[in-house]
Protein chains: 2
Amino acid sequence: MKQKQFPSTHPGRASSHPERTQLQEATVAGVRNPSLAEKRREQICDAALELFLQKGFASTTIRDICARSGVNQASIYDYISNKNDILRRLLNQLWFSSGAPSLPDLLAEHPENTLQENVAFYLKEFWSKRRKGTLLAYRTVPHLTKEDRKAMRARDEQFISRLAESIEDLTHLPENDPRTLIVANLVLFMANFGPLRDWLHQDLDNDMVADTVAAAIVAMIENLARYSPEQSESPSIQD
Amino acid sequence: MKQKQFPSTHPGRASSHPERTQLQEATVAGVRNPSLAEKRREQICDAALELFLQKGFASTTIRDICARSGVNQASIYDYISNKNDILRRLLNQLWFSSGAPSLPDLLAEHPENTLQENVAFYLKEFWSKRRKGTLLAYRTVPHLTKEDRKAMRARDEQFISRLAESIEDLTHLPENDPRTLIVANLVLFMANFGPLRDWLHQDLDNDMVADTVAAAIVAMIENLARYSPEQSESPSIQD
DNA sequence: TGTTTTGCCTGACAAATGTCAGCAAATTGT
DNA sequence: ACAATTTGCTGACATTTGTCAGGCAAAACA
């Protein structure tokens with residue numbers, strides 16, 4: 001109940017994993033029953049997410065979260081170790097393990113579709129499954145530690161380099177051409193387009209936006225391929 | 001010194017201007033000398049901006065701002081009326097009157113350049129002149145009032161519809177085709193690309209990114225033009 | 001039924017925060 | 001040099017905040 005126990009007090013331990021694939025969650029020993037603890041943590045995180053998106057992290061109080069989740073102000077510390085811990089747990093589930101697909105996987109699994117179709121599908125999935133994660137991440141950067149930011153960037157860069165490889169294949173650009181990286185960045189960025197802009201713009205049809213953006217991405221990639229050194233004439237992008 | 005005087009206590013007055021073109025700044029009568037007041041306000045805003053971007057709005061305290069700007073904790077209220085007022089003043093100068101050019105103007109003033117050159121120039125200017133404004137805006141949304149958000153959106157939408165008109169001209173798409181609007185949105189969004197992503201990615205050459213993004217935008221627009229109903233064969237985009 | 005365990009909650013504390021009253025210091029005008 | 005005005009500042013206020021100690025009731029167990 002009272003005694004919390006912090007993870008990896010061994011200082012050398014954390015850095016033995018060179019790339020952490022998640023953010024460190026404090027282990028809290030307030031409540032014995034693990035399934036109950038999990039259930040409460042879910043309540044807490046659900047409430048916190050809504051509030052963080054609505055009012056921002058810093059001006060959401062523990063009292064707000066308790067009121068909304070129905071958990072008592074004292075009890076909450078039996079399930080989470082502090083306010084930042086809630087944020088980390090949220091990012092773990094929304095940023096690191098959101099159900100959003102990856103474009104390279106999609107291309108490999110559905111070669112029967114055109115590039116444009118696959119990209120459009122990818123965008124729609126991403127926008128619906130990662131909306132909140134993206135919003136939360138972009139808005140709470142200042143409240144994250146340097147290490148957490150680094151872990152998040154690492155995750156993104158992993159996506160991006162896989163994407164860059166795909167683009168390399170599509171365009172036949174050489175491996176060291178930085179433009180594949182840039183375009184990969186751009187694609188990921190456009191995948192964020194919906195969530196990030198929705199505070200500004202909510203009156204456009206989502207599917208049509210996705211289709212237009214997909215067309216734009218395809219045009220981008222085709223344009224890159226057109227100036228590839230290996231194939232200067234209309235390369236075969238359609239797979 | 002002590003007496004503050006708040007603007008437009010007449011409730012009906014503010015809404016007589018249908019589109020406010022800035023955010024409401026409280027008039028503070030603490031200090032008589034207007035140039036001194038302006039100088040102090042600048043100190044305060046400069047310090048506040050750095051801190052807001054570093055630590056976020058809510059967790060930056062008035063004491064932080066005072067320490068950094070050299071203004072006394074009590075005196076600060078002789079120059080600004082409250083913490084939110086600082087944010088509004090910052091957004092007024094960084095969002096509403098940043099020196100960033102508009103792409104339609106650029107196209108009109110420099111018809112001797114290619115579309116790609118103009119777009120690339122636009123992006124570089126935007127990224128350098130509007131970087132902080134964009135970051136600040138996107139991160140502080142939750143702390144703005146509904147009216148303020150509306151005013152900011154209005155500003156953006158004004159840009160976007162002018163841009164959509166330009167794209168209409170370039171692509172010869174009909175006026176009611178929503179894709180021009182979507183592409184205009186995308187262009188503005190990509191103009192935000194640099195600032196927003198720099199917490200994730202700082203190791204790419206800025207100019208090369210701008211050139212590649214410009215190429216992507218041009219490809220997007222050409223692609224749109226290619227399927228325009230009026231000109232189905234390679235339309236003349238180069239001006 | 002009596003005891004022990006487990007989860008919940010009332011109440012509170014120390015620290016931090018936005019805000020300012022009222023006075024001291026400096027500047028200005030004469 | 002003096003008075004009047006303008007600016008700067010010490011110190012403090014009421015609140016809000018994150019966090020928890022310690023007790024209480026219900027459930028599990030004997």
Side-chain angles (χ1 to χ4, degrees), chain A residues 1-6 26-45 47-48 51-52 55-90 140 142-143 145, chain B residues 1-6 26-45 47-48 51-52 55-90 140 142-143 145:
Chain A
M1 207 71 155
K2 301 292 115 78
Q3 66 288 26
K4 318 284 158 79
Q5 131 195 3
F6 286 89
T27 54
V28 184
V31 155
R32 244 51 87 93
N33 181 343
S35 78
L36 173 65
E38 206 38 58
K39 188 180 127 199
R40 291 270 180 279
R41 261 192 276 271
E42 234 170 82
Q43 286 177 51
I44 293 168
C45 286
L51 291 166
F52 289 167
K55 321 175 37 173
F57 175 77
S59 43
T60 296
T61 74
I62 289 282
R63 284 166 173 81
D64 290 335
I65 298 173
C66 291
R68 179 154 188 150
S69 66
V71 174
N72 184 271
Q73 268 192 55
S75 305
I76 199 173
Y77 287 96
D78 293 338
Y79 304 104
I80 51 101
S81 90
N82 56 49
K83 205 176 138 187
N84 275 275
D85 189 39
I86 304 180
L87 180 56
R88 270 193 292 271
R89 282 172 199 275
L90 280 172
T140 55
H143 306 286
T145 65
Chain B
M1 208 72 153
K2 299 295 112 78
Q3 66 288 23
K4 319 285 157 80
Q5 130 193 5
F6 286 88
T27 54
V28 184
V31 155
R32 245 48 91 94
N33 180 343
S35 79
L36 173 64
E38 207 39 58
K39 187 180 128 203
R40 290 272 180 279
R41 261 193 274 272
E42 235 170 82
Q43 287 176 52
I44 293 168
C45 286
L51 290 166
F52 289 168
K55 322 176 31 171
F57 175 77
S59 43
T60 296
T61 74
I62 290 281
R63 283 166 174 82
D64 290 336
I65 298 173
C66 291
R68 178 154 190 150
S69 67
V71 175
N72 184 272
Q73 271 190 54
S75 305
I76 199 174
Y77 287 95
D78 292 337
Y79 303 103
I80 51 99
S81 89
N82 56 48
K83 206 175 138 189
N84 275 276
D85 189 39
I86 303 180
L87 179 56
R88 271 192 292 271
R89 282 173 199 275
L90 279 172
T140 55
H143 306 286
T145 66

Distance in angstrom units between N33(A) CG and dT5(C) P, rounded: 17 Å
Taking only nitrogen or oxygen atoms into account, show me every contact under 3.5 Å that the protein makes with nucleotides 24-30 of chain D, one pair per line with its distance.
none

Partners meeting salt bridge (charged side-chain N to carboxylate O under 4.0 Å, His left out) with K55(A) (sequence neighbours left out): D64(A)
Value rounded to 0.5 Å, distance of CZ in R68(A) from CD1 in I44(A): 14.0 Å
S69(A) (side chain) donor-acceptor with I65(A) (main chain) under 3.5 angstrom: yes
Strand contacts (DNA chain D) in residues 58-69 of chain B, 4.0 angstrom heavy-atom criterion: R63(B)
Touch class at under 4.0 angstrom, heavy-atom based, for L36(A) against every strand present: sugar-phosphate
By side chain to side chain contact (heavy atoms under 4.5 Å, CB included) - contacts of R63(A) (at least two apart): T61(A), Q73(A)
Nearest-angstrom distance from the residue atom CG of N72(B) to C1' of dA24(C): 12 Å
For atom CD1 of I44(B) and atom P of dT19(C), their distance in whole Å: 13 Å
Those residues that, when tested against E42(A), pass salt bridge (charged side-chain N to carboxylate O under 4.0 Å, His left out) (two or more places apart): none
Along DNA chain D (nearest heavy atom to each residue), the more 5'-positioned of K83(A) and S75(B): S75(B)
Sequence-distant partners of N72(A), side chain to side chain donor-acceptor pair (under 3.5 Å), two or more places apart: none
Atom-pair distance (CZ on R40(A); P on dG7(C)), nearest Å: 10 Å
Distance, rounded to the nearest Å, where D78(A) contributes CG and dA21(D) contributes P: 11 Å
By ring-ring contact (aromatic ring centres under 6.0 Å, His included) - contacts of F52(B) (at least two apart): F57(B)
Collect all protein-nucleotide pairs involving nucleotides 27-30 of chain C in which both atoms are nitrogen or oxygen and the distance is under 3.5 Å.
none

Atom-pair distance (CD1 on I76(A); P on dG18(D)), nearest Å: 10 Å
With sequence neighbours excluded, residues passing salt bridge (charged side-chain N to carboxylate O under 4.0 Å, His left out) with R40(B): none
Interatomic spacing from OH in Y77(A) to CG in D85(A) - rounded to 0.5 Å: 10.5 Å
Y77(B) vs dC20(C): side-chain N/O to OP1/OP2 distance below 4.0 Å: no
Length of the line joining Q73(A):CD and dG11(C):C1', which is rounded to integer Å: 10 Å
Atom-to-atom span, NZ of K55(A) to C1' of dT17(D) - whole angstrom: 12 Å
Residue-phosphate contact under 4.0 Å: Y79(B) side-chain N/O, dG8(D) OP1/OP2: yes
